[in-house]
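The structure presented is a predicted model; accordingly, all values stated were derived computationally and were not measured. We use all heavy atoms of the structure for the numbers below, so side chains are in, but hydrogens, waters and symmetry mates are not.
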Amino acid sequence: MTMDLFSQFASSTSLGIPLILLAMLIPWLLFPPHSTRWVNNRLLTSQNWFLTTFTKQIFLPLNPPAHKWAFLLTSLMAFLLSMNLLGLLPYTFTPTTQLSINLGLALPLWLATVLVGFRNQFNHSLAHFLPEGTPTPLIPVLILIETISLFIRPLALGVRLTANLTAGHLLIHLISSAVSAIFSLSPTASMLTFAVLVLLTILEIAVAMIQAYVFVLLLSLYLQENT
C-alpha cells in the first residue's frame, strides 16, 4: 500500500530515457509562438497580460539594478506554474514533486543573488551577519546564526515547494481511492467523498499557482537584499 501510494512520484523511463525530461519540456511547447500579426489572438493577449502584470507586481518594489532579472524570474514563474498545473491532470508526472529538481532550481539562483550582493556591495552584505550594536559576547553566536539562516534559504525554497505539492497529490490519491472503495457500500457517502475530492482539486489548483508565485517572490526578496 505504501509503495503504491508513493509510486506516483517515481519518474518512469522509456527506452532508457527518463520521462521527467519530457515532462519538463512539454510546458515550453504549450506556450504559443510569437505572432507577426498586428492584432494578437485571445491566447497571446492573455499570456502577455499575465506576464506583464506579474513582472510589474514582482519588480515594482525592487531597485533598478534588479530589473535585469525580469526575464529570468518571469520565465521561471511560467515554467513552475505550467509544471504544477499540468501535474494535476490524470496520468501525468509532476517534476516539482522531486526535491532534487526544486533544489536544482533554488540553489543556483540563490547563489547568484548572494554573489551579486558580494560583488556590488561587499561591506553591506557582510554587515548582515552582525547587526550594529551587538554585545561582544553575542558576536560569535549571532554570526553563526546568520550564516546558518543564509545557507538554509535554498533548502527552504526547495522543501516548501516539494512538501506542498506532494501533500496535495497524496490527499487527492487517497480520497479518489476512497470514492471507488466505498461506492459499493454506501453510494451516498461515496458521492459526498467525491464532492470533497472536487473541492480539494480546486484547492490544489490554487496551491499550485500560489507555490510557484511564492518561490519566485522569495527569490526576488533575496535579490532585493543584495542590490
> Out of Asn102, Thr96, Thr97, which one pairs with Thr162 under the side-chain hydrogen bond (donor to acceptor under 3.5 Å, both in side chains) rule?
Replying inline: Asn102
> Are Trp49 and Phe54 linked, directly or through other ILVMFWY residues, by side chains that come within less than 4.5 angstrom of each other?
Replying inline: yes
> Taking it one step at a time, do Leu86 and Leu89 satisfy side chain to side chain contact (heavy atoms under 4.5 Å, CB included)?
Replying inline: CA-CA 6 Å; Leu86 288 176; Leu89 297 175; 4.0 Å; yes
> Do the non-hydrogen side-chain atoms of Thr94 and Met83 ever get within less than 4.5 Å of each other?
Replying inline: no
> If you take all heavy atoms of Ala106 and Gly158, which pair is closest and at what distance?
Replying inline: CB-N, 4.3 Å
>> Please give me the minimum heavy-atom distance between Glu204 and Ile172, naming the atom from each residue.
In response: CG-CD1, 3.7 Å
> Just how far is it from atom CD1 of Ile210 to atom CG of Leu203, taken to the nearest 0.5 Å?
Replying inline: 8.0 Å
> Which other residues end up in the same hydrophobic cluster as Val159, if Ile, Leu, Val, Met, Phe, Trp and Tyr are linked when side-chain heavy atoms come under 4.5 Å apart?
Replying inline: Leu99, Leu103, Ile152, Leu155
> Should Met77 and Ile58 be marked as a side chain to side chain contact (heavy atoms under 4.5 Å, CB included) after you check the CA-CA gap, both sets of side-chain angles, and the distance that decides it?
Replying inline: CA-CA 11 Å; Met77 173 66 184; Ile58 289 292; over 6 Å; no
> Is there side-chain contact between Leu105 and Leu80, with at least one heavy-atom pair below 4.5 Å?
Replying inline: yes
Scan the side chains in residues 109-117 for donor-acceptor partners under 3.5 Å anywhere in the protein, sequence neighbours excluded, and list what turns up.
from	atom 1	to	atom 2	distance (Å)
Trp110	NE1	Leu150	O	3.4
Thr113	OG1	Trp110	O	2.5

> How long is the gap from CG on Leu144 to OG on Ser149, to the nearest 0.5 Å?
Replying inline: 9.5 Å
>> Same cluster or not: Phe151 versus Leu223, using hydrophobic residues (I, L, V, M, F, W, Y) connected whenever any side-chain heavy atoms lie under 4.5 Å apart?
In response: yes
> Considering residues, nucleotides and ligands other than Phe118, do more than 12 of their heavy atoms fall under 6.0 Å from its CZ?
Replying inline: yes
>> Do Leu185 and Ile175 land in one hydrophobic cluster if side-chain heavy atoms of ILVMFWY residues count as linked below 4.5 Å?
In response: no
> Please walk me through it: do Leu170 and Thr166 pass side chain to side chain contact (heavy atoms under 4.5 Å, CB included)?
Replying inline: CA-CA 6 Å; Leu170 287 176; Thr166 303; 4.1 Å; yes
>> With rounding to the nearest 0.5 angstrom, report the CG to CG distance, Leu171 to Leu200.
In response: 5.5 Å
> Got Leu73 and Phe59 here, is their nearest side-chain heavy-atom distance under 4.5 Å?
Replying inline: yes
> Can you tell if the side chain of Leu157 reaches within under 4.5 Å of the side chain of Leu161, non-hydrogen atoms only?
Replying inline: no
>> Side chains of Met209 and Leu85, heavy atoms from C-beta outward: is any pair under 4.5 Å?
In response: yes
> Which atoms form the tightest heavy-atom contact between Pro108 and Gly104, and what is the distance?
Replying inline: CD-O, 3.0 Å
>> Membership question, hydrophobic clusters at under 4.5 Å side-chain separation (ILVMFWY): are Ile148 and Leu142 in the same one?
In response: no
> Where do Leu219 and Trp69 land on the side chain to side chain contact (heavy atoms under 4.5 Å, CB included) test, with the steps shown first?
Replying inline: CA-CA 10 Å; Leu219 280 175; Trp69 290 59; over 6 Å; no
Taking only distance into account, with no hydrogens and no angle test, what donor-acceptor pairs under 3.5 Å do side-chain atoms of residues 187-198 form with protein atoms, sequence neighbours excluded?
from	atom 1	to	atom 2	distance (Å)
Ser190	OG	Val179	O	2.9
Thr193	OG1	Ala189	O	2.7

> Other than Val141, what residues sit in its cluster of Ile, Leu, Val, Met, Phe, Trp and Tyr side chains whose heavy atoms are under 4.5 Å apart, directly or through others?
Replying inline: Ile145
> Any donor and acceptor pair, going by atom type alone, linking the side chain of His169 with main-chain N or O of Leu165 inside 3.5 Å?
Replying inline: yes
>> In the structure I gave you, are the side-chain heavy atoms of Leu81 and Phe50 within less than 4.5 Å of one another anywhere?
In response: yes
>> Among residues at least two apart in sequence or on other chains, which ones pass salt bridge (Lys or Arg N to Asp or Glu O under 4.0 Å) with Glu225?
In response: Arg153
>> For Gln57, is the CD atom crowded, meaning more than 12 foreign heavy atoms sit under 6.0 Å from it?
In response: no
> Just by distance, do the side chain of Ser176 and the backbone of His173 share a donor-acceptor pair under 3.5 Å?
Replying inline: yes
> OG1 of Thr74 to CG of Leu51: how many Å apart, nearest 0.5 Å?
Replying inline: 6.5 Å
> Looking at residues at least two apart in the chain, or sitting in another chain, which of them share a side chain to side chain donor-acceptor pair (under 3.5 Å) with Thr52?
Replying inline: none
